[in-house]
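Have a look at the structure below, then the notes.
Residue numbers start from 1 in every chain, and the chains themselves are labelled A, B, ... in the order their sequence lines are given, proteins ahead of strands.
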There are 2 protein chains.
Amino acid sequence: MGRPTIDDIARKVGVSRGAVSFALNGRPGVSEETRARILAAAEEMNWSPHSAARALGGARAQAAGLVIARPARTIGVEPFFAHLLSGLQAGLSARSVALHLLVVEDTAAEIEVYRGWAREHRVDGFILVDLQVSDPRIAVIEELGVPAVVLGGPGKHGTLSSVWADDREAMLSIADYLAALGHTRVAHVAGLPGFRHTQRRIRALRDASRRLGLAEVLSVPTDFSDAEGAAATRSLLSRATRPSAIVYDSDVMAVAGLGVAAEMGVKVPTELSIVAFDDSVLNRIVHPALTALSRDTFTLGEKVAETLLETLEEPSRPRDVKTPTPRLTVRESTAPAAKAI
Amino acid sequence: MGRPTIDDIARKVGVSRGAVSFALNGRPGVSEETRARILAAAEEMNWSPHSAARALGGARAQAAGLVIARPARTIGVEPFFAHLLSGLQAGLSARSVALHLLVVEDTAAEIEVYRGWAREHRVDGFILVDLQVSDPRIAVIEELGVPAVVLGGPGKHGTLSSVWADDREAMLSIADYLAALGHTRVAHVAGLPGFRHTQRRIRALRDASRRLGLAEVLSVPTDFSDAEGAAATRSLLSRATRPSAIVYDSDVMAVAGLGVAAEMGVKVPTELSIVAFDDSVLNRIVHPALTALSRDTFTLGEKVAETLLETLEEPSRPRDVKTPTPRLTVRESTAPAAKAI
DNA sequence: CCGGGTTGCTAAACCGCTTCAGTTTTCGGG
DNA sequence: CCCGAAAACTGAAGCGGTTTAGCAACCCGG
């Protein structure tokens, strides 16, 4: 015989199907005594609900959807996503909600997937990452009427929940630290200019440099790849007055930059300080180890999961969660600025 | 009004529900003319099937399950999984099969998830990774009667399909290359001894060293972490007669090892050659760039997806797919052995 | 012109669970 | 001891598809 159904249990216990359903879902309508017998029988028969059948009656699909729009081969270069995923998992699986994951090439494809999944009732909610400056996805999700949480903020995005860390404040703390070390010529190898957090970081650094009286900050946008990170570094270090400190928007680019410094004979940290805006093993295993902003991506993922679950419960009340501002982990790649060039 | 259902289409076209189902699924039972009208209506109404409803009637869930049993925080340290995921996605989404992903702490939990997902009909098939020496999961999956493909081979695993690369041959090619460079004292920083591929690599290297007349090879097992990779390297380089070449079972450990060499003043590649058994940006961005065995993990993922889809079609006939043996990409970390110590 | 096989379609059952309108039982208050 | 309300439970409808049995119309050969 196949998997046991709710009917099998009903027959065995000698009650109706409805009663079994009530008992198994902890709703009123059955006596405690009957409930206990039903639960025992279910346990004994090793029953578990057929997820599809449940989802049919308009109920939850018990799944969340995450679509990542990046060229497939570049994914996983940074540990960021993997950590985020782990955290998401941890948060979701606690309530046995599964994660539907898809990697697509671009935002257009991403939006199509949202449409499809919503129509097919495959998921109960979405998680949006890589928030863009003027993000077309927000409107679509709102139109679909599916709960969602946006990673990256700050502030609400229409009716959607959001979870965010204060990139601005984080960048300011880096600037403060470098200024305190005596650096005046600070450069910035940024990420994709279309991303919201890239813009926030660029602006924060510029503001800080004004306040601290640093020379004009140079922010170079890249596509987050190691190749562009290296290229940007090469160009920065080739300038007549080269920067004494560089902030990188990702760990991969920071490591690539470190390599370029070595290649060009620029000593780290005596001649050049390096700070990565993201932490992972990568920063630890190179020499010198890189000073980095440690945000706990795993916990961030958990937070996102939690927020999504809450939003599912109460779709009418979107959340706005700020996560702790990441702190600087100082390692060997930062030192006081050299007196002369 | 909510999403259109098959009934709406039937009403609109003026046929029965069954006819619509036939038409939409390309089965005989309707005339070409009616079929065309139904398809047009479905298109116009922007209909798509409710996945749960479909899954109910015993049909496919259109999802594959992947459970990874590793401590959540260590996941994503290596790009391997991310690349594999991307490839899987590419392969599965071509036929719009989704991927159910879960990260758990250990094999026991992993097995529980398989049981649950199978009972709940959440997935049509499983993908097993990190094949262990005597793997308890195989028997469980077989007992559950759910199609699956095992990544890591060689050979069939009971009734399950498998996809594998020839680790043995790959390791032999590394040994041959190192021997040709004149290295006689080769060491090996291996991965988890419980994994099948770790054992195969260790054995292959030992066999090769006999054949090539190298000194006894030292294989040090680790947990794949950068910390243990560094520790193993430190211990190897502290020996009275230290190795002139080290092969690492992962890129992360290789980079960590490179760091230790620098820390101990051992010059790479003049005094020590380093080879990584796995390739990624990591190997490219450090200096010197690491010679590595490049397996195309993305394509591997695609292959796994493809194999799973085939197995779903014909569960009775398990596949056994061998992928191309990875090739050595030589960079700057390998050189002829120094004449004297 | 009739019998038998196709073809094209309909109606209804079914998948496993939830939910809701009722019905029966229990129980407390007057 | 009766009445009404609450509690416990039943039975059936419904969710959105697939599938099967059945039926009418048509085609063809003898």
Which nucleotides of nucleotides 17-27 of chain C have their base under 4.0 Å from a protein heavy atom (B), which only their sugar-phosphate (S), and which neither (-), written as one string 5' to 3'? BBBB-------

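Mapped onto DNA chain C by nearest heavy atom, B/Glu33 and B/Leu56 fall at different nucleotides, with B/Glu33 at the one closer to the 5' end.
Evaluation of the ring-ring contact (aromatic ring centres under 6.0 Å, His included) rule for A/Phe22 yields no partner, not counting sequence neighbours. Partners of A/Glu142 according to the side chain to side chain contact (heavy atoms under 4.5 Å, CB included) rule, which considers only residues two or more places apart in sequence or in another chain, are A/Ile138, A/Thr159, A/Leu160. Here A/Val146 pairs with A/Ala118, A/Phe126, A/Leu144 under the side chain to side chain contact (heavy atoms under 4.5 Å, CB included) rule; sequence neighbours left out.
Distance CD1 (B/Ile38) to C1' (C/dG8): 11 Å, rounded to an integer number of Å. Spacing between atom CD of B/Glu120 and atom C1' of C/dG16 amounts to 13 Å, rounded to whole angstrom units. For the pair B/Arg122 CZ and C/dG16 P, the interatomic distance rounds to 17 Å; values are reported in whole Å.
The closest side-chain donor-acceptor pair between B/Asp320 and B/Trp164 falls under 3.5 angstrom. With 3.5 Å as the limit, one finds no donor-acceptor pair spanning the side chains of A/Ser161 and A/Thr307. Side-chain contact annotation: A/Gln62 with A/Ser51, donor-acceptor N/O pair under 3.5 Å absent. B/Asn46 and A/Arg119 are linked by a side-chain donor-acceptor pair at a separation below 3.5 angstrom, with hydrogens and angles left out of the test.
For the helix from C/dC1-D/dG30 to C/dG30-D/dC1, the angle separating the two terminal helix axes comes to 50°, with each axis derived from five pairs and the value rounded to 10°.
Think of the region where chain A sits on DNA chain D: with heavy atoms and a 4.0 Å cut, that region ends 5' and 3' at D/dA8 to D/dG16.
With respect to the salt-bridge test (charged N to carboxylate O, under 4.0 angstrom), the residues A/Glu314 and A/Arg319 qualify.
Within 6.0 Å of CD in B/Glu43 there are 12 or fewer heavy atoms belonging to other residues, nucleotides or ligands.
Annotation: side chain of B/Arg17 is not in contact with side chain of B/Arg11 (no heavy-atom distance under 4.5 Å).
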